[in-house]
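Worksheet: the structure to be examined is printed underneath.
Sequence lines set the chain letters: A, B, ... in the order given, protein chains first and strands last, and positions in each chain run from 1.
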Amino acid sequence: MNYETHNYDILIVGAGGAGLRAAIEATNDKSVKVAVVCKSLLGKAHTVMAEGGMAASLDNMEGEDNWEVHFRDTMKGGKFLSNWEMVEIHAKESAERVRELEEFGAVFDRTEDGDIHQRPFGGHTFARLAHVADRTGLEMIRTLQDKAVHQGIDVFMEYRITKLFKDGDRISGALCYNRNDGKFTLFQAKAIILATGGCGKCFAVQTNSWEGTGDGHALAYEVGAELMDMEFMQFHPTGMVWPLSVKGVLVTEGVRGEGGILKNSRGERFMFNYIPDSFKNDVADNEEEANAWVKGDRQKNRKPPELLTRDVVAKAILEEVKADRGSKHGGAYLDIASEQSPDYIKKRLPSMYHQFMRLADVDITKDPMEVGPTAHYIMGGIKVNPQTTESKIKGLFASGEVAAGLHGANRLGGNSLTDLLVFGKRSGEYALKYAKNCEKTPSVSKEEVDRAIEELLKPLGKEEGENPFTVQSELKETMGKYCGIIREEKEIEKGIKIIEELMKKEVAVPDHRDLNTAWHAYVSLKSLLTVSLALAKSALARKESRGAHTRSDYPGYDEALGKVNIILNKSGEDMKVSKNPLPQLPENLQKIIDKYEQ
Amino acid sequence: MNSKFRIYRGNQQKAEYKDYEIEVQEGMVVLDAVHKIQAELEPDLAVRWNCKAGKCGSCSAEVNGKPVLMCMTRLSSLPEGPVQIGPMKAFPLIKDLVTDVSWNYEQNKKITPFTPSKDTVWKMQQRDVERAQEFRKCIECFLCQDVCHVLRTHKKHDQFFGPRFFVRTASLDMHPLDTVNRTELLKEKGGIGLCNITKCCTEVCPEDINITDNAIIPMKERVADQYYDPIKTFWGKLFKKNVK
Ligand SMILES: Cc1cc2nc3c(=O)[nH]c(=O)nc-3n(C[C@H](O)[C@H](O)[C@H](O)COP(=O)(O)OP(=O)(O)OC[C@H]3O[C@@H](n4cnc5c(N)ncnc54)[C@H](O)[C@@H]3O)c2cc1C
Ligand code: SF4
Ligand code: SF4
Ligand code: FES
């Protein structure tokens with residue numbers, strides 16, 4: 001089979017925030033050759049969709065914010081399952097990375113003093129999210145994209161990586177096809193950074209774009225890296241529920257950050273009934289106090305319970321719907337119209353205003369929105385070294401949503417965008433160091449490439465076989481039904497069985513490679529099946545409820561399980577599940593947590 | 001309820017409109033219909049999209065001849081009768097609804113990037129950043145490029161940045177802490193003189209950016225001032241930011 005070969009020092013897979021930030025770092029050294037590969041056009045990665053903001057303790061608003069408080073919030077939000085070292089690095093470096101983004105040209109909303117304005121978000125003690133109205137991701141990606149392009153990287157747009165190769169125990173290259181003409185390219189590289197984002201597409205009701213198929217997770221798993229925490233899929237509490245065609249599309253948490261309240265069909269503000277004991281000190285238990293906080297009196301008052309962490313709010317909405325107090329189309333009402341003026345709403349939440357007006361005929365300055373949980377973000381991913389972001393495979397790095405460790409059992413809103421900056425930069429930095437120390441480019445075996453191509457071409461022009469879109473729908477339905485927000489042993493087992501059957505299905509697609517979307521859907525399907533299985537197996541192994549993972553048969557915490565991460569790795573053809581003890585939290589950091597808990 | 005669609009199918013060699021009929025539901029947008037046709041009837045129907053919420057600018061197409069985002073165009077907003085969906089015409093066709101927009105990415109490389117001074121104090125007032133923020137809302141859908149006659153009809157791709165990149169330049173120029181003068185670039189490489197202010201670009205911008213009035217016209221004036229009015233040029237250099 002014919003294919004082109006390119007040689008690079010560093011290959012970056014993904015052009016979202018993490019990939020682009022890594023590229024900027026790596027190209028600081030002009031002696032190395034860096035390529036970025038992405039499935040869509042440049043600037044269209046998932047990161048562009050981020051709305052609410054990026055969390056960093058810049059301390060520009062009321063209250064005394066610092067890295068310690070941010071550290072504690074993230075650990076607590078993650079139900080103490082995060083890798084403390086990553087949380088510490090993130091809390092310490094985020095502010096510098098955000099300021100640096102401003103120096104690259106990002107134009108954030110301002111405070112009266114002329115500093116970067118920060119908005120409150122769930123689980124964050126202080127107003128901490130630097131933002132640009134509700135289009136923060138766009139600002140971030142455009143800024144990084146322009147910086148990277150002018151720094152001289154080679155960008156391969158609309159190429160898709162389908163396989164990674166090793167030379168001994170080192171990473172050595174990656175195979176991809178051009179989505180437009182179906183031609184194959186082999187990249188030989190000393191170091192590879194995976195910055196491929198998440199896998200929301202395992203579910204039908206979800207917020208991700210078509211790209212969120214977990215390719216990076218699957219690629220790393222197949223080449224021998226470990227996956228961790230895959231049971232933790234964050235269901236965002238507020239996705240659109242009506243009309244059906246937009247079901248799942250995100251409604252930013254910024255709506256609640258700006259004062260939006262949740263109500264049931266009886267008009268009750270139900271979140272007051274769902275405050276967990278561990279958060280009793282953090283949120284208001286009455287409307288008066290909550291309202292005073294929204295009006296700006298934040299010293300004496302606690303924030304509204306609508307700003308509890310996402311796992312708590314998502315489950316509360318589900319309970320209300322179950323108890324027959326749901327909204328017309330089976331969600332809850334999110335009302336900002338009664339809390340803020342039309343001008344304020346249009347200024348702070350312009351894209352939400354636009355989205356509801358255009359897609360649902362709802363004017364959010366007058367009427368409440370209908371919202372319900374939607375699969376949003378995978379906390380789990382590739383297990384990496386907290387400092388260097390290197391995986392178990394030498395020369396294979398990972399950062400951004402595809403990496404695990406920072407968010408533990410539940411991510412706090414806004415922590416992802418700074419995750420991309422902090423660890424994207426580190427990926428670039430350490431991949432560069434690694435590549436420079438690599439004397440010769442490792443090699444890729446021709447037979448392995450040929451075999452990989454053969455495998456990819458299998459469904460083309462087959463006489464009999466299933467439509468890949470249909471199999472994808474079956475998978476999504478299975479995941480929603482058996483591995484959704486509330487899980488149970490027998491159900492998960494059923495789910496696993498179905499996934500394994502779907503894996504055996506033969507797929508057939510039209511016999512050509514010219515922008516053949518059916519063929520692309522087949523490739524996506526392979527990644528989706530791998531990550532879905534990983535998710536289900538981890539969910540089965542965690543016999544407790546923690547953060548985003550809820551088991552109806554094990555409703556409480558399990559102390560022993562609270563001290564381990566679930567790890568998956570490929571052993572022969574099997575997906576092996578094991579438990580790995582969490583690194584011990586050092587005393588100085590434990591003290592920080594204790595200090596803010598009192 | 002069933003609805004009819006006419007979708008452009010094919011590549012550079014051969015392409016034509018083909019008819020489809022599918023069942024549609026309340027609330028569906030054009031992109032939903034295209035996806036439904038893809039999943040049920042034509043698995044290799046090519047279409048670009050990402051966010052499905054008007055945020056990424058991937059799904060640009062010409063619906064009933066009008067350049068729009070497919071994900072933000074409700075079927076109920078269109079007149080009765082078959083819905084015609086074709087690719088953008090100002091760019092070379094790859095396949096079906098997908099065009100080769102790589103030319104745009106080349107234009108961006110020509111624009112001098114953001115350049116603050118070394119000793120910048122990073123303070124800015126909201127009222128001073130608002131102008132730049134308007135231009136930074138751009139989602140690079142390239143619909144403005146698609147309708148601009150300088151590109152669409154006269155094919156001056158080698159002399160003209162197009163409205164999108166005037167907006168881009170304006171976003172840098174109107175950044176309160178930027179120090180570069182891009183007037184020469186706009187005149188020489190950008191070909192801003194070729195724009196005759198028809199405002200077609202502004203009309204199609206899904207982000208409601210006032211491309212002509214707020215970006216192009218002020219920059220055209222600056223070009224005129226700098227090249228044809230020496231006194232203003234002198235003052236312009238002294239008070240770069242105030243002149244804007
Ligand atoms: C609607 C929405 C709103 C959000 N709002 C916020 C927010 O306000 N704050 C916050 O902190 N977080 C938010 N998030 C989460 C956050 O945006 C994402 O987690 C983050 O952007 C992921 O960035 P990334 O760089 O890891 O990957 P992505 O931005 O997802 O980019 C992945 C890149 O990898 C490429 N890629 C993937 N697979 C392959 C392959 N096989 N071959 C080649 N290229 C490949 C893709 O093409 C893409 O370029 C939001 C998410 C969504 C969906
Ligand atoms: S106003 Fe100028 S840039 Fe805009 S469409 Fe008309 S000629 Fe083109
Ligand atoms: S200026 Fe408007 S129309 Fe032009 S590319 Fe940007 S968003 Fe699209
Ligand atoms: S799909 Fe993103 S704008 Fe339409």
Side-chain angles (χ1 to χ4, degrees), chain A residues 40-46 48-49 51 99 102-105 107-115 117 132-133 135 137-139 142 146-147 149-150 155 157 180 209-211 242-246 249-250 351 354-355 358-360 467-470 473 509-510 512 514-519 521, chain B residues 11 25-29 31-32 38-40 42-58 71-74 94-96 98 100-102 105 108-109 111-114 116 120 122-129 132-133 136-140 168 171-172 175-176 178 208:
Chain A
S40 287
L41 295 171
L42 195 55
K44 312 292 185 197
H46 214 94
V48 77
M49 296 161 68
E51 294 161 359
R99 283 192 208 103
E102 179 163 73
E103 289 167 24
F104 292 169
V107 184
F108 291 101
D109 284 355
R110 319 304 300 178
T111 65
E112 288 192 357
D113 294 336
D115 296 316
H117 185 270
V132 185
R135 54 167 190 85
L138 172 66
E139 188 67 22
R142 202 65 82 233
D146 282 315
K147 176 87 181 165
V149 164
H150 284 98
V155 183
M157 295 196 281
N180 292 331
S209 77
W210 71 270
E211 296 197 296
W242 185 257
L244 277 184
S245 66
V246 290
V249 170
L250 187 73
S351 90
H354 199 63
Q355 182 174 315
R358 291 288 284 276
L359 298 175
N467 176 338
F469 291 105
T470 315
S473 302
V509 302
H512 67 86
D514 270 348
L515 226 173
N516 183 346
T517 39
W519 182 44
Chain B
N11 53 27
Q25 285 145 0
E26 188 190 342
M28 267 169 86
V29 293
L31 185 64
D32 292 323
Q38 185 187 58
E40 293 172 5
E42 296 274 14
D44 60 351
L45 167 57
V47 54
R48 260 198 202 107
W49 69 284
N50 281 75
C51 69
K52 212 174 159 317
K55 295 188 170 67
C56 72
S58 305
C71 72
M72 295 304 274
T73 307
R74 296 269 292 268
I94 295 177
K95 184 169 168 264
D96 305 341
V98 176
D100 180 357
V101 292
S102 57
Y105 291 88
N108 194 25
K109 289 186 192 160
I111 300 172
T112 323
F114 175 60
T120 299
W122 294 92
K123 292 256 183 193
M124 290 177 262
Q125 289 303 316
Q126 185 62 36
R127 61 172 180 281
D128 297 328
V129 299
Q133 283 185 331
R136 299 183 68 87
K137 285 194 309 193
C138 168
I139 55 175
E140 297 206 321
R168 167 84 193 132
S171 82
L172 294 163
H175 188 305
D178 180 68
D208 295 326

Would you call A/T517 and B/V47 a side-chain contact if the rule is heavy atoms closer than 4.5 Å? no
Could you check which of A/L138, A/L250, A/V246 has the highest count of heavy-atom pairs closer than 4.5 Å to chain B? A/L138
Are any non-hydrogen side-chain atoms of A/V132 and B/R136 less than 4.5 angstrom apart? no
Keeping B/W122 on the side-chain end and A/E103 on the backbone end, is there a donor-acceptor pair under 3.5 Å? no
Side-chain touch B/N50/A/V48, heavy atoms, less than 4.5 angstrom: no
Closest contact, heavy atoms only, A/S245 versus B/M28: OG-CA, 3.7 Å
With chain A as the partner, which of B/M124, B/K95, B/K55, B/E40 has the greatest number of non-hydrogen pairs under 4.5 Å? B/M124
Compare every heavy atom of A/N467 with every heavy atom of B/A39, then report the nearest pair and how far apart it is. O-ND2, 3.1 Å
State, with a plain yes or no, whether a side-chain heavy atom of A/L41 is found less than 4.5 Å away from one of B/Y105. yes
If you count heavy-atom pairs under 4.5 Å with chain A, which of B/D96, B/T112, B/I94 comes out on top? B/I94
Cut-off 4.5 Å, heavy atoms of chain A, and the answer for B/R127 is neither
Given side chains that start at C-beta, do those of B/N108 and A/D146 come closer than 4.5 Å, heavy atoms only? yes
Is the closest side-chain heavy-atom distance between A/P510 and B/P43 below 4.5 Å? yes
Quick one: of B/S171, B/P113, B/C138, B/A46, who has the most non-hydrogen atom pairs under 4.5 Å with chain A? B/P113
From the list B/R168, B/E42, B/Q133, B/E26, the residue making the most non-hydrogen contacts under 4.5 Å with chain A is B/Q133
Would you please test A/R110 and B/V129 for side-chain contact (heavy atoms from CB on, under 4.5 Å) and show each step? CA-CA 8 Å; A/R110 319 304 300 178; B/V129 299; 4.0 Å; yes
Polar side-chain atom of A/R358 near backbone of B/T73 as donor-acceptor pair, under 3.5 Å: no
Taking C-beta and beyond as the side chain, do A/K44 and B/E140 meet within less than 4.5 Å on heavy atoms? yes
A/M49 vs B/C51 side-chain heavy atoms within contact, under 4.5 Å: yes
